[in-house]
Amino acid sequence: MKKALFLLLLSAASILPASAQWNIGIKGGYTYSTLNTKTRYFYDWNYVGRSGFAIGIPVQYRFFDWLALQAELSYNQKNYRLERSPYYGFYENRTNHYLSVPVFARFSFGGKKVKGFLDAGGYVGGWLASRRQGLEFTQFGINQGAGTGTIYYQYDEAYEFDTRRDDRFEGGLLIGIGIEYKITSLIAVQLEGRYCYSLSDMQKNYMTDQAPRYLNSFLIQAGVAFNLDKKRTRPE
Amino acid sequence: MKNKTFFLLVIIFIASGCRKETPYIIDPRIENITNWTQAFESYWSGMNHNYVFWSIDPTDWDAVYKQYKPKFDALLDSGFTNKEINNYAFEMIKEMSANLIDGHLSVSFTLPDTVYRTQPASARILQREDFHYPGYFPPQWQNAILQMQNQGRLSDFIYRSTEDMGAGTGIIDGNILYFQLTSFMLTKHYQTGDPIDRVITQYHDFIDNYPDLKGVIIDVRNNGGGYLSDLPLVLGKFAEENHTICYNRKKQGLGRLDYTPWFPETLPVLEKKRQLDIPIVALADMHSVSMAEMTTTAILSLPKGCFVGERTWGGHGSLSASNEAFPLYYDGYFKNNVIEAYTTMTMLKDIEGNIYEGVGIPPTIEAPYDAASFSQGIDSQLERAIEYIKTGK
């Protein structure tokens, strides 16, 4: 069985085009994430998007001029905000740290120097940590009567995961669009926009009548890619 | 190119179907209930999304749903007119609520001809090995107090009562300040000039001016709680600003385990004339509930705080018995045309991280109720508190 698999891989490699190339790079940029959930009768609760940042190391294998397979190791901040009515002014900003591995096909088009591209694929990742910062009221603060004390509690603390509820695996689909400019045959700069559509609930299936939560992200990233395969690079 | 774009859109469309849907969840506060099937759904769902203790409650609420839903579905056509069915159905409500740990929980169903009610904690406390009824308050306690006065051990004592509470204060054995109250309604009386206000004024005067005080006993036995705003009137002269007495948290979403962070509760302070570095003892028993327990928790947070007596009731949440409070808290109490779920909005833990909801606060020094002593006019629990202040043991 193993031998057959090895032969299959070998034969697949033998039909790769002569122009196949390995590229590696680095990139980073801006993220804007939104929590997709329903609050039902928690009437004045709104989840709104928040910005963050991302950095990543992409590795690309280019089969043809127009088709490549790319994988990345990427740190993404996927942040959002819970807002109560302005009357009360309570809120919570959540800063979520994710390590993601997007894998996708890149379809390129255009000229030799400047190319456009479209990405389509998926991603998996892990929810590493989270922080919560916000404002709440205290019970003895709003009921202080004749005394004087603290009414509000302003907090900024690490979020403690609850293993019964929090699902720290994430996975989803992604699509992207971008442009690449080749500075030399070995170096190219890229600018891209990407939308990550989560298919994994942030919570385990731990209760009946659960409102699922999906964390979607939009990314704008700039980066540079280096061609590792000098010998196989065709002259410009 | 057009084909590729179309292909991508199709994938996204299919993928969106992979997401879970949010179920239809209705606010139990706005429901109009006409039969037991609806009543069960409303109560179960209301507790599912509003009960604040799911992180520590042993009840498997999903199993409850699976077990009881078919039984209530079978009553769909019965309405509320058949008394026998009503009795049977509410027995099931009682069963499914029996192990909910909220010490305040009281579930009532108001039907056209009957009001059904269950209070799981009241049933639970009867199971305690050391259970006793609170009947010794006030008669036996008053006898013991009178005996102390006759013996010259209790001086400057005043006791006043109104329709909502009683309170008394005096000096025991020359240097121990004693303050007793049957419920926490002080805020209502404070600065009104009424009898309870006079007790408060006297108590504050003792704290500020009585010479050579060696300790304070706050007696909250058989105290059913009341206003949180009473806390500064009782303890506000014993702490500095920003002294943390406990932590609270509320629900923060529809999920059972969605919570705000634990937020520190600080003791609101009153103006004071002197710094007292003396033992402060909470005297509480198994009938000390709610604000009486919160006061005990607050005393235990003080540098020289101590709790003498019996394990308390075990209901430490705060509660506002009105649907109007929902937009502020987003959990706890709910009521509609049939159901009233009197359940708390907050979960409390002490400064050491202990949560005693449904269990009761264990005393630092155990002093069980002693009926024989009381019958002889001796309040053995109060005597134990006095002994602690005198000996430090």
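Remember, predicted model here, so these are calculated numbers, not experimental data.
Residues of residues 122-132 of chain A having a heavy atom under 4.5 Å from any heavy atom of chain B, listed by number: A:Arg132.
Using a cutoff of 4.0 Å between basic side-chain nitrogens and carboxylate oxygens, B:Lys250 and A:Glu136 are scored as salt-bridged.
The ring pair (Phe, Tyr, Trp, His ring centres under 6.0 Å) analysis of residues 233-270 of chain B, with sequence neighbours excluded, yields no pairs. Sorted by first then second residue, the salt bridge (charged side-chain N to carboxylate O under 4.0 Å, His left out) pairs that include residues 196-219 of chain A, not counting sequence neighbours, are A:Asp201-B:Lys20, A:Arg213-B:Asp258.
In this view, B:Lys335 and B:Asn323, B:Tyr333, B:Glu340 satisfy the side chain to side chain contact (heavy atoms under 4.5 Å, CB included) rule, not counting sequence neighbours.
If you measure heavy-atom distances from B:Glu271 to chain A, you find no contacts under 4.5 Å at all. Contact of B:Asp27 with chain A is made through backbone and side chain together, with heavy-atom distances under 4.5 Å. B:Met345 does not touch chain A: none of its heavy atoms, backbone or side chain, sits under 4.5 Å away. Contacts between A:Gln139 and chain B at a heavy-atom distance below 4.5 Å involve backbone atoms as well as side-chain atoms.
Without hydrogens or angle criteria, A:Tyr206 side chain to B:Arg256 main chain gives a donor-acceptor distance under 3.5 Å. Remark: the backbone N or O of B:Leu257 is paired with a side-chain donor or acceptor of A:Arg165 at under 3.5 angstrom. A donor-acceptor pair is defined here as one N or O able to donate and one able to accept, closer than 3.5 Å; such a pair exists between the side chain of A:Arg164 and the backbone of B:Ser55. Side-chain N or O atoms of A:Asn143 include none that pairs as donor or acceptor with a backbone N or O of B:Leu228 at under 3.5 Å.
Interface check for chain B: of the options A:Gln144, A:Arg40, A:Arg84, the most heavy-atom pairs under 4.5 Å are formed by A:Arg40. Of the residues considered (A:Met207, A:Glu160, A:Gln203, A:Lys38), A:Met207 shows the highest number of contacts with chain B, using heavy-atom pairs under 4.5 Å. Counting heavy-atom pairs closer than 4.5 Å to chain A, the top-ranked of the candidates B:Pro232, B:Ser45, B:Cys246 is B:Pro232.
Here the two rings, on B:Tyr330 and A:Tyr43, have centers that are 6.0 Å apart or farther. Proximity of the aromatic rings of A:Phe42 and B:Phe326 is defined here by a centroid distance below 6.0 angstrom, and this criterion is met.
Taking all atoms of both residues into account, the shortest heavy-atom contact from B:Thr22 to A:Ala211 is CG2-CB, 3.8 Å. Across every non-hydrogen atom of B:Trp44 and A:Thr208, the tightest pair is CH2-CB, 3.6 Å.
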